Colleague: 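After the structure tokens below, expect a handful of questions from me.
Here the structure is a predicted model, which is why all the values come from computation and not from measurement.
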Amino acid sequence: MRQENIYYHIPVPTLSPTPLTAMPQTHGIPSIPVEFDFAHYHFVESQSSARLIDKALDLWAAIVMEFGRDSPWKNSSELYATIDAIKYGDSPWKTYEIRYQGPLPPGTPPKWMTQTYELCTRDSRRVLHHQLETTEFKDKINLSPYRQFDSKRQRTWSNLMSADWAWTQADKIAKDETTHGAMFVPVVAGSNKTTVSVATGHQEYHPVYMSLGNLTNIARRAHDNAVLPVAFLPIPKTTKKHRKSAKYQVFCRQMYHASLARVFQPLKAGMTTPDVVRCPDGHFRRAIYGLGPYIADYPEQVWLAAIVQGWCPKCDAKPDNLDAGGACLRSQRKTDFLINNWDPGTLWTDFGVRADIVPFTYGFPRADIHELLSPDLLHQVIKGTFKDHIVMWVNEYLLELHGKAHGQEIIADIDHRISGVPAFPGLRRFPDGRDFLQWTGDDSKALMKVYLGAIVGHVPAAVVKCLSAFLNFCYIVRQNAITATNLDKLKDVLERFHHHCEFFIGTAGVKGEFISLPRQHSLLHYIRSVRLFGSPNGLCSSITESKHIKAVKEPWRRSSRYKALVQILRTISRLDKLAAAQRAFTQLGMMDGTTASYTAMIREGGRPQPRATLMADDGDEDDDSGPVAGSKALSSVELAHLPGFSTVRGYPTSAEALAVHIEQPRFPELLRRFLYDQLNPNAAISAEYIPLDRCPVFVGRILVFHSAVARFFAPSDLCGAGGMYQERIRSNPNWRDEYARYDTVFVQTGSDVSGSMNGMVIGRVHLFFSFTSSGVRYPCALVEWFVPEDGLDEDTGMWIVRPEFEGAGRHRTLAIVHIDCIIRAAHLLPAFGSSFVPEELHFSNSLDVYRSYFVNNNVDHHCHEFLS
């Protein structure tokens, strides 16, 4: 959080004068940490089967038998019973039966009319209370709406509570005498179907998730219990003969809305009458609930908004030319007016409204489904506009222009270029380019990072500019905090994107007169949605889809497959209970250290202490990047140690011997010049121009490292709950015993001359090392320079750098820099031009063979903001 930001808050009264600091007793929780750790390890981490748990308990009993003791459980059933007895996180599931109530046709009715369907749901009020009382959210929650301004006093939209919708809702609550002064608690919901097995009968489930709208976007994306499953909707099925019948389709939609209404019914009373809730800070407050933004992809939005397929759920734009302009926003009030004045046929054809469906929000106060549908970055932007539209259009254009044979060769070369981009921390590799059958959201996100550089030279400038404008739109709208200036930029890049998209009209990709695609049309509503709900980064269907893994797919794999839903629900409940118990133990200070060390401390008479915030360690050597626990901190780059070692073994420790080992004969000279600069920081002349005999001589010991860890605040990326992110920068001559990997980094030079990248150049790290001179430790990097050319590339919007040479162009320029000058990792994309990539090119040597490179500002959100 920037210190210069100014926040305007609506005050929220507190009922309790002091927070509740005492933890309740551990009802039903295993009282000895070793027992809890055993249960958590087998049920959560290893997901052991009952048979394996029985085996482990038998071994435990055998080990303690000679001491006259027994294992805490005789079998897995007793262990499961202990987990089920945990009271924390307890929110039992309830099943409701639903049947068709309409008239039956003569003779034998279709099976779907006589079947019984099951809605499985939790008490949504109880789930919301569990989220509200989670102490870990104490610093990650906004108890009141606020308006945020930066140092330039321009409006900024970030979390849901910073945006206009929450402010307006709070105003409405404040005007009602019965609710005046209550805290507004919006409920963010989301749902979409997921398939767990195609091979065994296309088994589908339709989970509904809910999240506390007061949470920050970062906390919601970090998951834990910020997003919890609250229901599984019934999925009716019938034969192909009846699948398209009007009665069946109406029944499916009506059951869908009736189910959602039942799911959120426990919250309805609290939407008009204040409910007392316990908050993460331990205080009790009066709260008024409200249905908040609903996360869904386009097919589900069609069902939610009760509109006709192909129409926009947010406005009444005509489906044959959605982007024509002049469309009006939809609203519940407007829909009621249309239904009261037009016949169903006219509503269907002229307005895209279904008169036979009543949205579930109709019976809830202050709720309009057309307004509440949130933007969906995953399906509208990443999968929809990028993968399904732009990538397909490019391929179709190439095939149409060059013919099938040569067009396929060019597409294959684009794939080869994608497979040949240099490695980067956390960047997914595509060994065969984009030529794979099953695309996931993560695949599309990864391809977006490298696709622009791969098509340059094979497509016209208009296509490159089209993709560049789209990527700018994508990265701006995915920022965690969006300013008024960002919204102006968003409008500009969207206009440029639509302008350059016209290139495809009339080609094989777009054969009509207009581009009229619902997912792409939705981009027009993003600016309004940002003002209403804050950054779309905290309301994306990728949040719910990634939750499918823990809430649906893994529990399904642990089931017997027979009547699996009951087993899935039982597993979800146990996982929630164990997670809640772990949070309780953590607050009591009982999760410090290892199981053995904690047990030894207790046996020696020690007492658990509240757990202090842990600083992130260097992590696993094989992990390139990922979230970092803890709150926001200053950016840093540190040399990383191998587990169990302080440095990498096998390297000479003297400068001269190390120079021979790494085949860099100038290393001793560069080390002396580096020392001169360090000892004379205010010298008028750089060590580069000082006679070598005036530079200090170093004869001490040098330690070598194969990586460094950069940590920085990156709330727009998949970060920790405090917004911190880390990446591992590598300089390894034999990475994974396969190839040399020397990553590139941004290096701050201290001068911001015209045409430079904000005073930065690119360095390729050939060696991480440290040494101590006169009692001062110097962590360093040996780098080769890539210097920027003048200005940004007009088509791609990226900086171009080229290797710097010395010695009449025979050798690339090298230097030693202090690690404090390194800002973070950089990613370079070769400027391939129009020539085809050699078959023998491998991504590990692509930084050695090209004359110039694009500085990839699309490799992650932080880098895009960083270079902007």
Colleague: Show the atom names and distances, to 0.1 Å, of all donor-acceptor pairs under 3.5 Å that link a side chain in residues 489-505 to residues at least two apart or in another chain.
Modeller:
residue: D492; atom: OD2; partner: R496; partner atom: NE; Å: 3.4
residue: H498; atom: ND1; partner: L494; partner atom: O; Å: 3.3

Colleague: What class does the angle between the rings of H406 and H402 fall in, given that below 30° is parallel, 30 to 60° is tilted and above 60° is perpendicular?
Modeller: perpendicular
Colleague: Does any N or O in the side chain of Y853 come within less than 3.5 Å of the main-chain N or O of Y850, such that one atom is a donor and the other an acceptor?
Modeller: yes
Colleague: Tell me if the aromatic rings of H862 and Y725 count as close, with their centers under 6.0 Å from one another.
Modeller: no
Colleague: Considering only NZ, NE, NH1 and NH2 on the basic side and carboxylate oxygens on the acidic side, decide whether K445 and D860 come within less than 4.0 Å.
Modeller: no
Colleague: Working to the nearest 0.5 Å, report the span between CD1 of I414 and CZ of R417.
Modeller: 7.0 Å
Colleague: Heavy atoms only: give me the nearest L539-I543 pair and the separation to one decimal.
Modeller: N-CD1, 4.2 Å
Colleague: Distance check, rounded to the nearest 0.5 Å: I823 atom CD1 versus F746 atom CZ?
Modeller: 8.0 Å
Colleague: Within the 4.5 Å heavy-atom criterion, are S374 and C540 side-chain neighbours or not?
Modeller: no
Colleague: Got V855 and M798 here, is their nearest side-chain heavy-atom distance under 4.5 Å?
Modeller: no
Colleague: Does the Q301 side chain pair with the main chain of A296, one donor and one acceptor, at a distance under 3.5 Å?
Modeller: yes
Colleague: Treating S468 as the side-chain partner and V464 as the backbone partner, does any N or O pair qualify as donor plus acceptor under 3.5 Å?
Modeller: no
Colleague: Evaluate side-chain hydrogen bond (donor to acceptor under 3.5 Å, both in side chains) for N159 paired with S162, printing each intermediate quantity in order.
Modeller: CA-CA 5 Å; N159 306 310; S162 74; 5.8 Å; no
Colleague: Quick one: are R802 and V787 in side-chain contact, heavy atoms under 4.5 Å?
Modeller: yes
Colleague: H861 and ring pair (Phe, Tyr, Trp, His ring centres under 6.0 Å): which partner among F866, F712, Y475?
Modeller: Y475
Colleague: With rounding to the nearest 0.5 Å, note down the distance linking CD in Q520 to CG in D388.
Modeller: 11.0 Å
Colleague: Can you measure from CG (D376) to OG (S541) and round to the nearest 0.5 angstrom?
Modeller: 3.0 Å
Colleague: Starting from the C-alpha separation in whole Å, work towards a yes-or-no answer on side-chain contact (heavy atoms from CB on, under 4.5 Å) for R221 and N480.
Modeller: CA-CA 11 Å; R221 294 202 314 273; N480 193 59; 3.5 Å; yes
Colleague: Taking S846 for its side chain and G420 for its backbone only, find out whether a donor-acceptor pair lies under 3.5 Å.
Modeller: yes
Colleague: Within a strict 4.5 Å, meaning less than it, do heavy atoms of the N858 and H864 side chains meet?
Modeller: yes
Colleague: With rounding to the nearest 0.5 Å, note down the distance linking CG in D150 to OG1 in T156.
Modeller: 4.5 Å
Colleague: Which of these passes side chain to side chain contact (heavy atoms under 4.5 Å, CB included) with L867: N857, L792, N856?
Modeller: N857
Colleague: Taking L322's backbone N and O only, do any of them form a donor-acceptor pair with S516's side chain (distance below 3.5 Å, no angle check)?
Modeller: yes
Colleague: Looking only at heavy atoms, what is the nearest atom pair of G292 and W165, with distance?
Modeller: CA-CH2, 3.5 Å
Colleague: Could you check whether any side-chain N or O of T749 sits under 3.5 Å from a backbone N or O of G759, counting only pairs where one atom can act as donor and the other as acceptor?
Modeller: yes
Colleague: Is any side-chain heavy atom of L532 closer than 4.5 Å to one of W157?
Modeller: no
Colleague: Using a 3.5 Å cut-off and no angle test, enumerate the donor-acceptor pairs between side-chain atoms of residues 308-321 and protein atoms at least two apart in sequence or in another chain.
Modeller:
residue: K314; atom: NZ; partner: H370; partner atom: O; Å: 2.9
residue: K314; atom: NZ; partner: E371; partner atom: O; Å: 3.2
residue: K314; atom: NZ; partner: L373; partner atom: O; Å: 2.9
residue: D316; atom: OD1; partner: C328; partner atom: N; Å: 2.8
residue: D316; atom: OD2; partner: K334; partner atom: NZ; Å: 2.9
residue: K318; atom: NZ; partner: D350; partner atom: O; Å: 2.7

Colleague: State, with a plain yes or no, whether a side-chain heavy atom of I382 is found less than 4.5 Å away from one of M448.
Modeller: yes
Colleague: Take N486 and T483 through the test side-chain hydrogen bond (donor to acceptor under 3.5 Å, both in side chains) and record every step on the way to the result.
Modeller: CA-CA 5 Å; N486 291 145; T483 65; 3.0 Å; yes
Colleague: Give the intermediate values and the outcome of side-chain hydrogen bond (donor to acceptor under 3.5 Å, both in side chains) for residues Q148 and S158.
Modeller: CA-CA 8 Å; Q148 181 178 345; S158 54; 3.0 Å; yes
Colleague: Mind running side-chain hydrogen bond (donor to acceptor under 3.5 Å, both in side chains) on H379 and N192 for me, showing each step along the way?
Modeller: CA-CA 12 Å; H379 292 95; N192 65 328; 5.0 Å; no
Colleague: Does a donor on one side chain and an acceptor on the other come within less than 3.5 Å for Q154 and T485?
Modeller: yes
Colleague: Should D164 and R155 be marked as a side-chain contact (heavy atoms from CB on, under 4.5 Å) after you check the CA-CA gap, both sets of side-chain angles, and the distance that decides it?
Modeller: CA-CA 11 Å; D164 298 346; R155 180 75 184 275; 2.9 Å; yes
Colleague: Would you name the heavy atoms of H458 and S834 that are closest together and state the gap between them?
Modeller: CE1-O, 3.8 Å
Colleague: Would you sort out whether V394 and V463 count as a side-chain contact (heavy atoms from CB on, under 4.5 Å), showing the intermediate values?
Modeller: CA-CA 8 Å; V394 168; V463 177; 3.9 Å; yes
Colleague: Which pair of non-hydrogen atoms, one from K193 and one from H548, has the smallest distance, and what is that distance?
Modeller: O-NE2, 4.3 Å
Colleague: Between P536 and V530, what is the shortest heavy-atom contact and its length?
Modeller: CD-CG2, 3.9 Å
Colleague: For the side chain of Q380 and the backbone of L523, is there at least one donor-acceptor N/O pair under 3.5 Å apart?
Modeller: no
Colleague: Decide if the gap between the ring center of H416 and the ring center of F430 is smaller than 6.0 angstrom.
Modeller: no
Colleague: Supply the atom-to-atom distance Y451 OH to F386 CZ, rounded to the nearest 0.5 angstrom.
Modeller: 6.5 Å
Colleague: With the threshold set at 4.0 Å, does a side-chain nitrogen-carboxylate oxygen contact exist between K383 and D443?
Modeller: no
Colleague: With side chain to side chain donor-acceptor pair (under 3.5 Å) as the test, pick out the partner of S191 among Y294, Y209, W303.
Modeller: Y294
Colleague: Answer whether the closest heavy-atom distance between the side chains of L398 and K404 falls below 4.5 Å.
Modeller: no
Colleague: Would L452 and F854 count as a side-chain contact (heavy atoms from CB on, under 4.5 Å) if you check the C-alpha gap in whole Å, the side-chain angles of each, and the deciding distance to 0.1 Å?
Modeller: CA-CA 10 Å; L452 179 60; F854 294 109; over 6 Å; no
Colleague: H521 and D323: side-chain donor and acceptor closer than 3.5 Å?
Modeller: yes
Colleague: Under a 4.5 Å cut-off applied to non-hydrogen side-chain atoms, are V859 and L829 in contact?
Modeller: no
Colleague: Closest heavy-atom contact between F843 and V421?
Modeller: CB-O, 3.2 Å
Colleague: Spell out, as yes or no, whether a donor-acceptor pair under 3.5 Å connects the side chain of N217 to the backbone of N537.
Modeller: no
